[in-house]
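Below: the structure, in structure tokens.
None of these values were measured; they are calculated from a predicted model. Note: hydrogens, waters and symmetry copies are ignored here, and every other heavy atom, side chains too, is used.
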Amino acid sequence: MSMDNKEQRKEELYSQAIPAGKRRYFFDVKETRGGDKFITITESRKLFDNNTGDVYFEKNKMFLYKEDFDKFRQGLDNAFKFIETGIVPPPVVVEDNWHGDDSASKLDEIDFKF
């Protein structure tokens, strides 16, 4: 891979900034070395340091991978629906185990009575 291709991989394939008062949200589509696309969502907040008088930006970043798009979309949609209606929507059904093993079922078997 040439240096030009390496440099291109570091750049966003797509980027959109959404200004929202003192915050700005960035939605960036990037690509892994293996060619998988993912999204980074960044919240940037403009803050003021009272001690120095300087303005600075605090950034929080989240990576969202392709295999999680549907679950994320459903969760976000559920949150929007709740805000709009006040009705708690059914939870997002997730078929995989968050821990990657049987740790939840193993905990059920432990007797915590002392």
Go through the structure and list residues passing salt bridge (Lys or Arg N to Asp or Glu O under 4.0 Å) with Lys22, not counting sequence neighbours. none
Per-pair distances, 0.1 Å, donor-acceptor, side chain in residues 77-86, under 3.5 Å, sequence neighbours excluded:
from, atom 1, to, atom 2, distance (Å)
Asp77, OD2, Lys81, NZ, 3.2
Asn78, ND2, Pro90, O, 3.0
Thr85, OG1, Lys81, O, 2.7
Thr85, OG1, Ile87, N, 3.1

Please collect all salt bridge (charged side-chain N to carboxylate O under 4.0 Å, His left out) contacts where either partner lies in residues 49-63, sequence neighbours excluded, each pair once. Arg45-Glu58
Who passes side chain to side chain donor-acceptor pair (under 3.5 Å) against Glu43, sequence neighbours left out? Arg23, Asn60
Got a sec, which residues hit side chain to side chain donor-acceptor pair (under 3.5 Å) with Asn51, two or more places apart in sequence or on another chain? none
When rounded to the nearest 0.5 angstrom, what is the spacing between CD in Gln74 and CZ in Phe69? 14.0 Å
Side chain to side chain donor-acceptor pair (under 3.5 Å) involving Tyr56 - partner list, sequence neighbours excluded: none
Return the set of residues passing salt bridge (Lys or Arg N to Asp or Glu O under 4.0 Å) with Arg24 (not counting sequence neighbours), or none when no residue passes. none
Holding to side chain to side chain donor-acceptor pair (under 3.5 Å), I want the full list of residues that pass it with Asn50, two or more places apart in sequence or in another chain. none
Output the rest of the hydrophobic cluster of Phe48: all Ile, Leu, Val, Met, Phe, Trp and Tyr residues reachable through side-chain heavy-atom contacts under 4.5 Å, sorted by chain and number. Val55
Do Lys30 and Thr40 come close enough that some side-chain heavy atom pair is under 4.5 Å? yes
Using the salt bridge (Lys or Arg N to Asp or Glu O under 4.0 Å) criterion, which residues pair with Glu67? Sequence neighbours excluded. none
Report the residues that fulfil salt bridge (Lys or Arg N to Asp or Glu O under 4.0 Å) with Lys46, sequence neighbours left out, ordered by chain and then residue number. none
Sub-4.5 Å side-chain heavy-atom contact between Phe72 and Ile41: yes
Can you confirm whether Ile39 sits close enough to Tyr65 that some side-chain heavy atom of one is under 4.5 Å from a side-chain heavy atom of the other? no
With sequence neighbours left out, what residues match Tyr25 under ring pair (Phe, Tyr, Trp, His ring centres under 6.0 Å)? none
